[in-house]
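In the text below, chain A, chain B and the rest are named by the order of the sequence lines, each starting its count at 1.
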Amino acid sequence: MIGAAMREGLDPELEALVAARDDNERAVAIEHLLTDIADPVIRRSLFHRLGPREPELEDIRGGVMLRLVRKLDELQRGVSDAIGSFADYVAIVTFHAADDFLRRKQPQRALLSNRIRYLLTHDARFALWQFERELTCGLAKWCDRPANPRPLDPSLADPRQIGDSLARIFARTGGPLPFHDVVALFAASSTVAEVTTPIEDADLHELTPSAFDQLASKQTAAHLWREIEELPPRQRAALLLNLREAGGGSAIPLLTVTGLATAEQVAELVGIPAAELASIWNDLPLDDNTIASRLGATRQQVINLRKCARERLARRLSKR
Amino acid sequence: MNTDEKERQALIQALVAELSAAEPLHLDYDLIEAYVDGRCDVIDQEIVSSHAAMCPMCGREVRDLQTFAAQYRHRRNWLPLAAAAIAAGLIIAIVALLRPSATVLSLRDGSREVRLTRDGELSGIAGLTVDDERRVANALRGGTLAIPAAATQLAKTGEALRSTFTGTSSFEPLAPIGCIIVSDRPTFEWTAVPGARYRVEVFSDHFRPVADSGVLDSTRWTAPQPLTRGGTYVWQVTAIRKSGETTSPAPPAPEARFAVLDETNAKSIARLEQSQPRSHLALGVAYAEAGVTAEAEREFQELASENQGSADARRLLQSLRSH
């Protein structure tokens with residue numbers, strides 16, 4: 001059940017979902033959100049970034065949909081922050097999905113994009129800004145104006161002289177351009193030779209759930225625990241304080257019940273005095289905001305620390 | 001399984017579920033930049049360095065931007081915007097070259113002699129509407145054509161696309177590209193790929209599919225259903241071979257765009273084609289000012305060949321090509 005506080009600032013499109021009283025109402029609300037709002041935004045965003053014939057387009061779209069379903073589920077269960085604009089949220093998730101895909105598929109282009117962006121934000125002649133969801137760039141004096149996409153001659157762009165090239169390009173256009181068009185212009189210049197990286201190779205360290213299942217069958221609880229002990233302190237705390245067993249309760253008591261660690265050892269590992277851990281024992285698992293305040297971090301940093309912990313464990317376990 | 005073993009399994013399951021539920025972390029640009037510039041707090045520093053050590057993609061990006069930023073800081077290059085001044089000078093020079101000059105002229109147009117008097121009156125083409133006559137007289141008097149901005153923009157997209165195809169053996173769309181076409185059932189053409197079959201897909205300006213050829217054996221296909229007049233479209237062709245599929249154009253190349261002439265101009269041109277089938281001058285001006293530049297080029301070339309040595313006929317052709 002969602003709280004009244006969370007309803008504040010909630011996109012009205014999401015009201016039906018959070019007010020759903022049964023599975024049927026929930027399914028109808030999700031169907032509407034995904035079909036009528038998310039799908040057109042995803043298609044348009046992916047078309048703009050990747051073109052209509054990218055072979056992996058449907059996979060990326062499916063991945064975005066999956067993330068949205070998870071998010072909507074969290075939202076309805078009240079374990080997610082309110083979303084002020086669902087369409088904006090979809091656009092951001094899609095942007096990141098397309099961005100990650102392009103970064104993996106076209107690593108040279110990703111490096112080039114970073115360099116151009118760095119110049120745009122550090123060279124006083126230029127600026128980079130958002131205009132109605134679109135990352136826009138141009139001369140500093142054009143800041144906050146909308147982009148006016150137009151075809152340009154790739155010979156204007158020399159990746160070895162990005163600053164001079166940007167000055168030439170903006171002098172030719174006389175107005176701001178979409179940032180991604182500028183990157184495409186540089187990428188289209190003959191001096192950039194993109195070697196497409198097979199996605200599988202780039203993602204070897206990202207193990208799938210089934211791979212984890214296989215791994216789990218080879219691991220003992222003691223092995224897993226030893227690896228967790230090796231994690232950096234903040235990552236360990238972010239992981240353990242939020243770790244849940246299948247029923248949703250904290251998995252920390254399992255550590256003591258199975259004899260893998262005493263409560264004192266757990267306390268030391270998560271950086272909390274034993275007496276204090278005992279006092280919050282029944283509140284475990286802690287939510288991200290609570291962990292964040294304990295670590296002196298932001299909620300997003302807690303999420304990222306936990307992701308770091310996960311990938312470090314995944315890497316180490318996969319090598320066993 | 002005893003209770004102790006069940007709890008061990010529950011613990012392993014909790015850890016495995018935790019690990020496998022994770023969406024991968026990838027560093028976004030802002031975080032990488034803050035790290036490179038030394039603006040991260042200690043927690044973000046740990047996140048970036050930890051992840052960069054695990055993820056080849058992000059690790060490479062962090063190292064590359066560190067190198068680039070270091071180079072940039074060491075050689076800031078504050079060159080004046082000379083390029084802008086040069087570009088502005090070039091524009092001024094071109095405008096000066098195209099400045100209208102002729103005011104009285106005479107041209108052969110098919111079997112007739114077209115004359116423009118000093119006070120701007122046109123004679124020699126009977127049956128023109130007042131608007132058509134005014135358009136032709138203005139074009140002759142100024143030597144310039146009012147090409148719609150949309151046509152000029154489209155033409156630039158076509159040039160940008162063609163410039164990406166440099167090899168003689170490249171698989172590329174040929175037509176329509178970067179133009180406005182009169183027919184609402186366009187014929188698509190592309191270069192051949194040995195041993196390939198093809199598929200053409202046409203999308204609206206909002207990237208909705210509007211036509212699909214299915215699998216073809218030839219390098220030419222005409223849309224069986226009319227496209228909406230006044231619309232702008234994007235198309236791609238895919239070569240299908242046993243070894244795989246290749247689509248052209250594909251990002252990052254520009255899109256293959258074209259537009260279908262709007263209803264009003266289409267009717268106006270159809271009427272003129274019927275009433276003045278042999279007037280290269282009237283048809284050329286009408287095509288040009290509707291933005292149908294390919295047909296206008298053909299008519300003005302005919303006009304120029306009928307008036308060899310005439311600067312006035314040549315000027316119309318030049319005006320068309322300068323857009």
Side-chain angles (χ1 to χ4, degrees), chain A residues 43-44 47 50-53 67 100 103-104 107 110-111 114-115 117-119 121-122 150-154 163-164 167-168 171-172 184 187-188 202 205-206 209 212-213 216 219 221 224 232 234-235 239 243-246 251 254-255 257-258 297 301 304-305 307-308 310-315, chain B residues 4 7-8 10-20 22-26 28-29 32-33 36 43-44 46-47 50-51 54-57 60-61 64-65 68-69 72 77 79 81 83-84 87 153 156-157 159-161 163-164 166 201 203 206-207 236 238 245 247 250-255:
Chain A
R43 286 183 185 281
R44 186 170 185 83
F47 191 107
L50 308 176
R53 293 288 300 165
R67 288 187 196 188
D100 286 347
R103 287 167 73 184
R104 291 197 300 273
L111 301 183
N114 288 347
R115 291 175 173 209
R117 196 163 170 173
Y118 192 85
L119 249 295
T121 52
H122 288 70
R150 68 207 81 184
L152 287 165
D153 181 356
D164 292 345
R168 273 199 301 275
R172 180 70 61 92
H205 69 295
E206 289 170 8
F212 271 117
D213 288 344
Q219 309 293 330
L224 285 165
R234 288 192 195 89
Q235 295 181 27
L239 183 76
L243 190 64
R244 294 161 196 265
E245 42 90 15
L254 290 173
L255 294 168
V257 171
T258 55
Q301 284 176 323
N304 287 346
L305 284 168
K307 285 182 175 178
C308 285
R310 286 165 178 156
E311 66 185 1
R312 188 179 282 246
L313 284 173
R315 170 64 66 89
Chain B
D4 207 32
E7 282 160 345
R8 283 176 195 279
L11 178 60
I12 291 176
Q13 279 176 9
L15 290 166
V16 167
E18 175 67 24
L19 296 173
S20 59
E23 284 175 6
L25 167 68
H26 288 301
D28 65 26
Y29 173 81
I32 294 176
E33 183 191 289
V36 165
I43 295 175
D44 276 338
E46 176 182 332
I47 290 166
S50 175
H51 177 70
M54 295 290 129
C55 173
M57 179 180 86
R60 183 173 51 236
E61 290 188 31
D64 183 77
L65 198 62
F68 180 75
Y72 171 75
N77 199 356
L79 285 179
L81 293 175
Q153 284 293 102
K156 286 178 181 170
T157 66
E159 286 163 17
L161 176 59
S163 70
T164 64
T166 51
E201 289 166 287
F203 303 87
H206 299 295
F207 306 107
Q236 290 186 309
T238 300
E245 296 188 359
T247 297
E255 293 152 350

- prompt: In terms of heavy-atom pairs under 4.5 Å, which option from R43(A), R44(A), R150(A) contacts chain B the most?
  reply: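 Highest number of pairs under 4.5 Å: R44(A).
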statement: Residue from D153(A), L119(A), N304(A), N114(A) scoring the most non-hydrogen pairs under 4.5 Å with chain B is N114(A)
[X] side, atom [atom1]; [Y] side, atom [atom2] - distance, nearest 0.5 Å:
X       : Y       : atom1 : atom2 : result
R103(A) : H26(B)  : CZ    : NE2   : 7.0 Å
K156(B) : Q153(B) : NZ    : CD    : 5.5 Å
E311(A) : C55(B)  : CD    : SG    : 7.0 Å
L243(A) : L255(A) : CG    : CG    : 7.5 Å

message: Going by the rule side-chain hydrogen bond (donor to acceptor under 3.5 Å, both in side chains), which residues pair with T157(B) if we only count those two or more places apart in sequence or in a different chain?
response: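 side-chain hydrogen bond (donor to acceptor under 3.5 Å, both in side chains) list for T157(B), sorted by chain: empty.
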field: All side-chain hydrogen bond (donor to acceptor under 3.5 Å, both in side chains) counterparts of E255(B), not counting sequence neighbours
entry: R257(B)
query: Under a 4.5 Å heavy-atom cutoff, which of S50(B), P254(B), A250(B) has the most pairs with chain A?
result: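 That would be S50(B).
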- prompt: With respect to chain A, which residue among D28(B), L161(B), L65(B) yields the maximal number of heavy-atom pairs within a distance under 4.5 Å?
  reply: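 The answer is L65(B).
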Structural part of L305(A) lying under 4.5 Å from a heavy atom of chain B: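 The answer is both parts of L305(A).
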field: Proximity breakdown for Y118(A) and chain B, heavy-atom pairs closer than 4.5 Å
entry: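 Backbone plus side chain of Y118(A), per the 4.5 Å heavy-atom cut-off to chain B.
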message: Does any backbone or side-chain atom of E33(B) lie under 4.5 Å from a heavy atom of chain A? Answer side chain, backbone, both or neither.
response: side chain
